[in-house]
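These notes concern the structure reproduced below.
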Amino acid sequence: MTQERDVFINCPFDEQYRRLLSALLFAVHDCGFHARSALEVEDSGEVRVQKILRIIGESPYGIHDISRIETPRFNMPLELGLFLGAKAFGGSEQQAKRCLVLDEEPYRYQKYCSDIAGQDIWAHHGKPNLAIELVRNWLSTTPAARSLIPSGSVLAYRYRAFRAALTASCRKLQLNPRRLTFRDHRILVVAWLDEYPWTPV
Amino acid sequence: MQKVRTIMRPATEGTHFTLAQARAAWREVKRDQEALAKKAQSRQKRTAKAR
């Protein structure tokens with residue numbers, strides 16, 4: 001059973017990607033959606049692939065960043081495959097799935113993942129502002145978008161305001177801003193958006 | 001007698017805080033920022049007057 005506004009984020013979880021993950025998470029929530037990730041539940045009892053399958057099954061939308069090719073990590077293409085498989089072979093709810101595929105450079109994927117060459121792949125060039133804009137433009141075209149979403153540049157400005165105040169907020173909560181878990185980060189984003197909403201006209 | 005221990009939330013794994021706590025923290029940050037902005041504004045006014 002899918003949740004109407006859940007967006008599965010399939011991306012690298014390494015230190016260098018942290019900035020982009022933070023931007024993607026913020027953009028998803030600022031667009032009025034709910035970010036999901038394999039990192040959201042720390043349950044050693046649940047087999048990892050089962051957890052991923054469950055989250056994919058519940059998410060009608062997916063953001064897949066396949067940009068880690070220097071240090072080959074095949075989890076992202078695998079999870080993209082699971083998502084596309086659910087769309088191809090699932091019931092009517094699963095067939096309505098939509099996804100945004102991102103890479104760092106344009107056309108690079110053609111070398112190592114040529115089967116997806118027919119799909120639109122968007123390049124974020126490692127820039128959070130660009131990633132935010134891509135997510136915003138994509139989510140604004142989905143049926144679940146509630147209203148006209150402000151431009152990517154506006155969301156990026158809001159993201160910078162969030163980041164600028166994050167350390168102060170973490171200090172008050174005794175959290176290390178460099179070691180936030182996905183769940184902590186999501187809670188902080190949701191709470192910030194409650195304080196600073198953009199109101200549709 | 002049982003020793004009373006202070007339980008500190010580990011700074012690296014803050015998974016026990018709730019949305020309400022996070023909202024309260026942001027409200028405090030917002031108040032601090034507004035107070036700072038007010039201070040800066042009145043300092044500017046004072047400087048302008050002195051000139």
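Letters A, B, ... mirror the listed sequences (proteins, then strands); counts begin at 1. We use all heavy atoms of the structure for the numbers below, so side chains are in, but hydrogens, waters and symmetry mates are not.
- Atom CH2 of A:W192 sits about 15.0 Å away from atom CZ of B:R27, to the nearest 0.5 Å.
- A salt bridge links B:D32 with A:K172: the closest approach of a Lys/Arg side-chain nitrogen to an acidic carboxylate oxygen falls below 4.0 angstrom.
- Across every non-hydrogen atom of B:A22 and A:I187, the tightest pair is CB-CG2, 3.6 Å.
- Within residues 28-40 of chain A, no residue has a heavy atom under 4.5 Å from a heavy atom of chain B.
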Please lay out, stage by stage, how B:L19 and A:V190 fare under the test side chain to side chain contact (heavy atoms under 4.5 Å, CB included). CA-CA 8 Å; B:L19 189 57; A:V190 171; 3.8 Å; yes

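- Under 4.0 Å is where a charged nitrogen must lie from a carboxylate oxygen, and between A:E195 and B:R23 no such pair does.
- For NZ of A:K127, the number of neighbouring non-hydrogen atoms (other residues, nucleotides, ligands) closer than 6.0 Å is 12 at most.
- Summarising the local packing, OH of A:Y157 is surrounded by 12 or fewer heavy atoms from other residues, nucleotides or ligands at distances under 6.0 Å.
- Between B:W26 and A:F162, the ring planes are tilted. Angles from 30° to 60° get that label.
- Annotation for A:R54: atom CZ counts as buried by contact number, over 12 foreign heavy atoms lying within 6.0 Å.
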